[in-house]
Amino acid sequence: MNASLFDDFHDRGLLHQSTDAQRLREWLSTPGRRVYAGFDPTADSLHVGHLVALVLLRRVAAAGHEPVALLGGATGMIGDPSGRSEERNLLSTDELAANVAAVERQIRSVLATAGSTVHVVNNADWMRGVGYLAFLRDVGKHVPLSQMLGKDSVKSRLERDGGLSYTEFSYMLLQAWDFVHLSDALDCRVQIGGSDQWGNITAGIELGRRLRSRELHGITCPLLTKSDGTKMGKTASGAVWLDPQRTSPYRFFQYWMNLEDDDAGLCLRRLTELSLDEIAALDASRQENASARQTQQRLAEELTRLVHGDAGLAAAQQATAVFFGGDIEGLDEATLVEIFAEVPSHDFPLGAVEHDEGLPLVEALQATGLAASRSQARRTIEQGGAYVNNRRIREPAYALRPDDLAGRQVVVLRSGKKSYALARFTA
RNA sequence: GGGGAGUUUCCCGAGCGGUCAAAGGGGUCAGACUGUAAAUCUGAUGGCAUUGCCUUCGCAGGUUCGAAUCCUGCACUCCCCA
């Protein structure tokens, strides 16, 4: 495999800061080194923002080393102040336990195909038994306050009105101790993370030197932001999650599909495992024929497969085809319901379509919420914005009849380009 | 406490006795164009109804054949003088 993890990071724009490059290269020149990244279980799912760290760990594996994913079962009880402008709310222990379990599943799933031994550890396992006094004597004693106060994460918060609590202030000690502990237990001497983690990482490196006279290394990668300055993975309706219950594979796929050209190019380089040659080819295609959107297409495919597997990708692509004007007639009931799962639906009695007059389209549009009133529904139809099973309907008096049922009891209604609703007919 | 201005349809904002469901802009929704983008252009935008009816202009009354427009009272907002 690729001999130099460090150069790989560099070439893909994943390198923000690192400790001494020469020493790092040297350490990583021996295969089988362990490299860790931490994940705090702040929610019951990771989101796109965590994807970078996961991908970094996959690259660690690809380079012939062993990734270590650290779950913050203990640190999650405190809350990392880094990159935060306000004090966090504490999670209950039940919530935390559920989050840890869910996040661990996701991490294992994404790293399953990494092609190397993967270690998943939870810092609660070694923090739980540590007493406060012992921690102060063994760890706190070796961390100068001047150093802690010098960290950006602390400084920026102290300058604000809210300040930060002693609890959050102590967070970096826990993370520093994690690093030292992992170097003891797994001989893991490299920590990677987002650029906001630099302060916490260096705290660990410092502690390793004082406590063990051991040389530890750190690498951070740039945080993902879009060209308009907003955070990657944020949409108007919230974060893009890895959990299919929170963000369906279709919407996950669409998120990447809709990125700006430059952002997509950047993500391709940083998040996918395509070779640099392939990426260069896509860059070129974007220059020549931007409208083909091959970059977005490829990016969406790669990442959806990584997170949701082949089945998830297939579902997303099928849904995409349908949502962008594809034929609905050929699809069976189960597939339809699956594709339109996140679309609003309304139940009608089967009798509504079966009698002579049928069910007026105007009524169906209103009942499903596609139109606020019958008048508006009528207007939409008159203006050519109404579709039944993706076929445009222009007669205001149109009524749904048994012939219109796609599948056995479902009609797909649509207003305009993107608003869909499902009318279900049940006996 | 005194004086003045105001309250309009989702928002801003015209209207000051009939031709007002109410100008104009924004937003929103559709259509065209397009790269599932941006910009632009077009149409629509109270409700119900296949040319008509019903409900809206702070609230409650009144004048009038007829009121968002006039009068009275009430509520709220803003400005000026004390």
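Numbered from 1 within each chain, the chains take letters A, B, ... in sequence-line order.
In this model, the phosphate group of A49(B) is approached by a side-chain N or O of Arg374(A) to a distance below 4.0 Å at OP1 or OP2. Between Thr380(A) and A30(B) there is no side-chain N or O to OP1 or OP2 distance below 4.0 Å. Phosphate contact (OP1/OP2 of G47(B), side-chain N/O of Ser373(A), threshold under 4.0 Å): present. For the OP1/OP2 pair of A30(B) and a distance below 4.0 Å, the side-chain nitrogens and oxygens of Ser419(A) include at least one atom meeting the criterion.
Look at G31(B): its Watson-Crick or wobble partner, with both distances under 3.5 angstrom, is C41(B). With a 3.5 Å ceiling on both atom-pair distances, G17(B) lacks any Watson-Crick or G-U wobble partner. The partner of U72(B) is A60(B), judged by Watson-Crick or G-U wobble contacts that both fall below 3.5 Å. For C78(B), the paired base is G4(B) (Watson-Crick or G-U wobble, both distances below 3.5 Å). Of the nucleotides present, none pairs with U51(B) by Watson-Crick or G-U wobble criteria with both distances under 3.5 Å. The pairing partner recorded for A23(B) is none, the criterion being a Watson-Crick or G-U wobble arrangement whose two distances lie under 3.5 angstrom.
Rounded to whole Å, the C1' atom of U69(B) lies 10 Å from the corresponding atom of C20(B). As rounded to the nearest Å, G25(B) and C79(B) have P atoms that lie 31 Å from one another. Rounded to whole Å, the separation between the C1' atoms of A67(B) and G62(B) comes to 12 Å. Distance check on atom C1': G1(B) versus C70(B) gives 31 Å, rounded to whole Å. Here the separation of C59(B) from C48(B), taken at their P atoms, is 23 Å to the nearest Å. On the C1' atoms, G61(B) is 27 Å away from C53(B), given to the nearest whole Å. Nucleotides G4(B) and A39(B) place their C1' atoms 47 Å apart, quoted to the nearest Å. Nucleotides A37(B) and A21(B) are separated by 38 Å at their C1' atoms, to the nearest Å.
Spacing between atom CG of Leu365(A) and atom P of A30(B) amounts to 11 Å, rounded to whole angstrom units. Lys418(A) places its NZ atom 15 Å from the C1' atom of G31(B), with the value rounded to the nearest Å. Taking atom CG on Asp261(A) and atom P on U34(B), their separation rounds to 17 Å, with Å as the unit. Going from atom CD of Gln366(A) over to atom C1' of C29(B) covers 16 Å, rounded to whole Å. Atom P of nucleotide A37(B) and atom CG of Asn258(A) are separated by 7 Å, given to the nearest angstrom. Rounded to whole Å, atom C1' of A38(B) lies 8 Å from atom CD of Glu260(A). At whole-Å resolution of the value, CZ in Arg378(A) and P in U51(B) are 10 Å apart. Nucleotide A30(B) holds its P atom 9 Å from the NZ atom of Lys417(A), rounded to whole Å.
Between the side chain of Asn289(A) and the base of G35(B) there is no donor-acceptor pair of N/O atoms closer than 3.5 Å. You'll find a donor-acceptor pair under 3.5 Å spanning the side chain of Gln254(A) and the base of U36(B), going by distance alone.
The residue among Gln376(A) and Met257(A) whose nearest nucleotide of RNA chain B lies closer to the 5′ end is Met257(A). Mapped onto RNA chain B by nearest heavy atom, Gly416(A) and Val362(A) fall at different nucleotides, with Gly416(A) at the one closer to the 5' end.
Panel note: side chain Thr202(A), backbone Gly199(A); a donor-acceptor pair is recorded below 3.5 Å. Arg88(A) places a side-chain N or O within donor-acceptor distance of the main-chain N or O of Asp80(A), the cut-off being under 3.5 Å.
Between G31(B), U36(B), C48(B), one nucleotide has an atom nearer to the side chain of Tyr387(A) than all others, and that is G31(B).
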Please step through salt bridge (charged side-chain N to carboxylate O under 4.0 Å, His left out) for the pair Arg298(A) and Glu302(A), ending with a clear verdict. CA-CA 6 Å; Arg298(A) 197 61 205 276; Glu302(A) 290 294 318; 3.2 Å; yes
Applying salt bridge (charged side-chain N to carboxylate O under 4.0 Å, His left out), run through Asp11(A) and Arg269(A) and close with a yes or a no. CA-CA 9 Å; Asp11(A) 293 344; Arg269(A) 198 164 261 103; over 6 Å; no
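A distance below 6.0 Å separates the ring centres of Phe179(A) and Tyr36(A).
As judged by a 4.0 angstrom heavy-atom cut-off over every strand, Tyr255(A) is placed among residues making no nucleic acid contact. Backbone-only engagement by Ser415(A) is indicated by non-hydrogen atom pairs under 4.0 Å involving sugar-phosphate atoms exclusively. As judged by a 4.0 angstrom heavy-atom cut-off over every strand, Arg392(A) is placed among residues touching the sugar-phosphate backbone only.
For the residue pair Thr320(A)/Gln254(A), the side-chain donor-acceptor check at 3.5 Å is satisfied. At a cut-off of 3.5 Å, with distance as the only test, a side-chain donor of Asn200(A) or Ser82(A) sits close to an acceptor on the other residue.
Between Arg108(A) and Glu104(A), at least one side-chain nitrogen of the basic residue sits less than 4.0 Å from a carboxylate oxygen of the acidic one, meeting the salt-bridge criterion. Comment: Arg23(A) engages Glu26(A) in a salt bridge, judged by a side-chain N to carboxylate O separation of less than 4.0 angstrom.
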Do any N or O atoms of the protein come closer than 3.5 Å to N or O atoms of nucleotides 40-44 of chain B, and which pairs are they?
unit_1	atom_1	unit_2	atom_2	d
G43(B)	N2	Gln383(A)	OE1	3.4
G43(B)	N2	Gln383(A)	NE2	3.4
G43(B)	N3	Gln383(A)	OE1	3.3
A44(B)	O4'	Gln383(A)	OE1	3.1

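Side-chain contact check for Thr295(A) versus Asp261(A): every heavy-atom pair is 4.5 Å or farther apart.
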